[in-house]
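Can you keep this structure in mind? I'll have questions shortly.
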Number of protein chains: 4
Amino acid sequence: MKKDLTAFKKDKEQAIFEAALKIIKQKGFHKARMSDIAKEAGISYGLVYHYFKNKEDLFDAIINRWWDGLFKLMANISGDNEYDVHKKLRRIIYYFLDTYQSNYELVNIFITEISRSTTNLTSNRLDRFKKFMSLTQAVMAEGQENDILRADFKARYLTYIFLGALETFVSAMVLVDQKIKGDAQKDRIADSILEVFLNGAKNQK
Amino acid sequence: MKKDLTAFKKDKEQAIFEAALKIIKQKGFHKARMSDIAKEAGISYGLVYHYFKNKEDLFDAIINRWWDGLFKLMANISGDNEYDVHKKLRRIIYYFLDTYQSNYELVNIFITEISRSTTNLTSNRLDRFKKFMSLTQAVMAEGQENDILRADFKARYLTYIFLGALETFVSAMVLVDQKIKGDAQKDRIADSILEVFLNGAKNQK
Amino acid sequence: MKKDLTAFKKDKEQAIFEAALKIIKQKGFHKARMSDIAKEAGISYGLVYHYFKNKEDLFDAIINRWWDGLFKLMANISGDNEYDVHKKLRRIIYYFLDTYQSNYELVNIFITEISRSTTNLTSNRLDRFKKFMSLTQAVMAEGQENDILRADFKARYLTYIFLGALETFVSAMVLVDQKIKGDAQKDRIADSILEVFLNGAKNQK
Amino acid sequence: MKKDLTAFKKDKEQAIFEAALKIIKQKGFHKARMSDIAKEAGISYGLVYHYFKNKEDLFDAIINRWWDGLFKLMANISGDNEYDVHKKLRRIIYYFLDTYQSNYELVNIFITEISRSTTNLTSNRLDRFKKFMSLTQAVMAEGQENDILRADFKARYLTYIFLGALETFVSAMVLVDQKIKGDAQKDRIADSILEVFLNGAKNQK
DNA sequence: TATGAATGAGGGTTCATTCAT
DNA sequence: AATGAATGAACCCTCATTCAT
């Protein structure tokens with residue numbers, strides 16, 4: 001069937017993609033060898049170059065997978081008439097945690113190779129990073145305008161703190177290869193981040 | 001005189017060290033060439049191997065510089081009879097910001113090459129990371145015991161959020177190569193991080 | 001109809017042939033990729049192997065095209081009862097110039113890839129080169145026997161000088177991608193070569 | 001001795017240079033492998049890159065050797081007050097023949113890889129080729145002005161014919177790997193080229 | 001100490017050729 | 001006849017490290 005043929009082609013590309021995810025996660029971008037990726041995908045050496053122009057291109061494909069999903073979410077959030085900042089921030093948190101559950105390697109690579117590694121940042125990659133920051137900042141600013149978030153700090157500072165908390169949570173899990181056990185734990189993590197971000201760590205009693 | 005010779009030796013070693021800082025900051029550990037570092041230090045590249053066993057060893061020396069300072073601080077904090085958690089957290093923040101001011105490259109490398117890049121983490125390096133986490137966690141736990149910090153979250157979670165906020169602040173500055181202009185700005189940044197961490201981002205009015 | 005199918009086959013083979021001419025002229029034999037040739041011919045690159053055994057084989061087909069025409073001419077000249085050496089040499093010159101006009105790439109490839117490049121010369125190819133040389137030499141010898149050409153030089157030397165002049169003329173045109181504008185210019189070029197070859201460059205006044 | 005040390009360094013570079021000459025002559029530029037050259041020079045692989053930036057650079061060094069010598073000669077000829085065109089042309093011929101004797105591979109490479117192979121011609125290389133052509137043309141024009149050479153042909157045409165004859169002579173020798181046996185033969189070859197170029201191949205009796 | 005020549009393993013990429021469909 | 005996915009040998013180049021001086 002035609003559909004199958006198409007599926008086969010996609011399958012192979014997908015196999016390479018996933019192999020790349022796995023190998024890059026293991027060894028990092030620089031130490032990941034194209035031959036490793038090919039072997040992991042169960043194909044020959046040169047075939048990788050049939051589907052991806054070169055190593056850089058393969059890396060970009062992975063990065064794009066992450067950003068595309070995230071920007072789709074941010075577009076959703078922006079277009080939302082809902083003024084509930086809590087919900088918006090919660091959705092951002094869930095994007096990280098959901099992806100962490102479904103595609104652990106992708107989050108790992110984002111954290112280790114993109115988020116912090118300035119050496120892998122081409123200007124194009126940096127741009128998307130800044131864009132995401134500014135979209136999040138817009139959510140913060142909106143919260144300040146609606147008197148939901150305190151306005152005595154710059155929205156930018158709030159953004160740093162929020163994303164920093166989120167990212168470090170995920171990073172720490174990445175660091176120890178911790179798995180999220182079920183949706184209950186995921187909810188608890190999201191609650192913690194949001195609660196502390198909103199109400200602070202100080203004992204309010 | 002012996003003393004002078006030693007000084008000379010130290011000078012040369014120091015020159016290599018600083019050159020390595022600069023180059024690794026620019027290119028990242030993997031792309032930093034020993035020859036780049038030697039050229040930057042104004043010596044032949046063979047000589048680098050006189051002072052450092054190999055590239056890995058040179059990298060470790062840099063990492064150690066960071067951790068040594070930080071653990072000295074943490075030891076100070078731990079040994080402190082003072083029960084003021086605020087002050088302790090503030091001192092941690094200042095270690096990051098001070099080092100950022102005095103030795104920008106060092107913080108940059110810590111952020112980009114150590115803090116997040118799991119691929120550079122030998123088990124030895126990972127251990128120190130975890131140790132720092134647990135020392136910070138001890139401060140949090142102490143705060144919870146003294147009813148200064150809320151106890152409805154794990155101390156580990158509070159640690160993540162605190163260090164995440166701090167780290168992302170510095171990361172963001174690293175990312176845009178931002179300089180801290182004077183102690184006033186440094187104070188403001190420290191205040192923001194601490195205030196939001198303790199009292200939350202929610203408008204309390 | 002069979003005839004049409006054959007024609008179609010020939011058409012496709014011819015298309016590949018011409019594409020190969022164009023690409024090899026542009027990039028040289030070594031850098032010409034089979035995929036380039038296929039793309040230029042408007043077919044898939046696997047199909048090239050249906051018509052030509054391999055790259056070498058395709059190259060040989062091109063070379064043969066050149067030599068076949070030239071040897072046919074030389075056979076004509078040899079079989080000619082006419083003793084006019086001038087005419088014979090003129091016909092050789094015209095073969096180069098005519099082919100240059102009608103099939104520029106072919107001459108280009110002959111000059112750049114066959115005539116001088118010893119590395120592309122298999123013994124088979126070298127043989128035909130030598131054969132052509134010796135056929136031309138026979139014309140020279142005949143001219144010497146008939147007292148038309150001077151006999152105080154070896155016929156071989158005369159051959160070198162004649163073919164050298166001819167070839168360099170064409171080479172120079174190839175080098176600057178010069179087109180021959182009309183038959184008048186072609187005649188003038190042929191006259192110049194022949195006149196200088198026969199009467200010398202010295203001012204005879 | 002210091003002199004020896006310098007000599008040693010030069011020796012190694014020279015060894016690579018000569019190995020490259022030999023290998024490129026054998027296989028042509030494209031098929032010559034850097035590893036072949038290193039092996040031929042009796043050194044390790046990477047050392048070639050210590051002395052030459054890359055393969056292209058090594059090739060250029062060879063080309064330069066040829067052109068430098070030739071342009072030095074042409075400068076000499078141009079600066080000459082002597083108006084004897086014969087002598088000037090003879091000196092050009094001797095440059096080719098002398099180099100052929102002393103450095104056979106160099107002439108071979110010039111003929112096969114530079115003179116005719118347009119695919120190896122970067123614009124820089126082409127420029128020098130044209131420059132040499134125009135310098136020779138100046139000699140021809142001078143001969144025409146002094147009524148030594150006939151003026152009913154363009155100086156450019158005379159240049160083509162002269163250089164063509166010369167080049168083809170050498171080419172033919174290259175092709176059959178013919179060695180020049182002694183100075184006597186060299187003189188005879190030079191005489192033949194010059195005599196036919198000046199007085200023509202026609203029997204004058 | 002100091003130099004930089006020398007080594008060679010390693011890895012990215014190309015591309016002719018084969019083959020299943 | 002036709003396609004283009006698949007293979008893998010080749011080959012250039014980099015660079016950490018060693019070593020003779």
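These numbers were taken from a predicted model, which means no experiment stands behind them. Lettering follows sequence order; numbering is per chain, from 1.
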Self-check item: hbond_proxy A:Tyr45 side chain to E:dG12 base (donor-acceptor, 3.5 Å cutoff)
Solution: yes
Quiz prompt | Nearest-angstrom distance from the residue atom CG of B:Asp36 to P of F:dT14 | solution = 13 Å
Quiz item: Is the shortest heavy-atom distance from the side chain of D:Lys39 to the side chain of D:Arg33 under 4.5 Å?
Solution: no
Exercise. Check the distance between F:dT7's P and A:Tyr51's OH and give it to me in whole angstrom.
Key: 9 Å
Self-check item: A:Lys55 side chain, from C-beta outward: closest of F:dT18, E:dG12, E:dT7
Solution: E:dG12
Quiz item: In whole Å, what is the span from the NZ atom of A:Lys31 to the P atom of E:dA9?
Solution: 19 Å
Quiz item: For the pair made of CZ in B:Phe59 and P in F:dT17, what is the distance, rounded to whole Å?
Solution: 14 Å
Self-check item: First encountered from the 5' end of DNA chain E, between D:Val48 and B:Ser44
Solution: B:Ser44
Self-check item: side-chain N/O A:Lys12 vs F:dA6 OP1/OP2, d < 4.0 Å
Solution: yes
Exercise. For C:His30 and E:dA16, give me the distance from atom NE2 to atom C1', rounded to whole Å.
Key: 13 Å
Exercise. Counting Watson-Crick and G-U wobble pairs only, both distances under 3.5 Å, name the nucleotide matched with F:dA2, or none.
Key: E:dT21
Exercise. Starting from the 5' end of DNA chain E, give me the residue, A:Lys53 or D:Gly46, whose nearest nucleotide shows up first.
Key: D:Gly46
Practice problem: Using a 4.0 Å heavy-atom cut-off across all strands, classify D:Ala32 as base, sugar-phosphate, or nothing. | Solution: sugar-phosphate
Self-check item: Whole-Å distance separating the NE2 atom of B:His50 from the C1' atom of E:dG4
Solution: 16 Å
Quiz item: Given atom CZ of D:Arg33 and atom C1' of F:dC13, what is their separation to the nearest angstrom?
Solution: 16 Å
Self-check item: Spacing of C:Met34 atom CE relative to F:dT7 atom P, expressed in whole Å
Solution: 21 Å
Quiz item: Is the A:Trp67 ring parallel, tilted or perpendicular to the A:Phe129 ring (thresholds 30°, 60°)?
Solution: perpendicular
Quiz prompt | Min side-chain heavy-atom separation C:Ile109-C:Phe29 under 4.5 Å | solution = no
Quiz item: Mapping C:Leu47 and D:Asn54 onto DNA chain F by nearest heavy atom, which one lands closer to the 5' end?
Solution: C:Leu47
Quiz prompt | E:dC15 phosphate, OP1 or OP2, under 4.0 Å from A:Tyr49 side-chain N/O | solution = no
Quiz item: Under the 3.5 angstrom rule, does the side chain of C:Lys55 hit a backbone N or O of C:Ala32 as a donor-acceptor pair?
Solution: yes
Practice problem: Give the C-alpha distance, both sets of side-chain angles, the deciding distance and a yes or no for side chain to side chain donor-acceptor pair (under 3.5 Å) between D:Arg128 and D:Asn64. | Solution: CA-CA 10 Å; D:Arg128 277 179 299 187; D:Asn64 286 340; 2.3 Å; yes
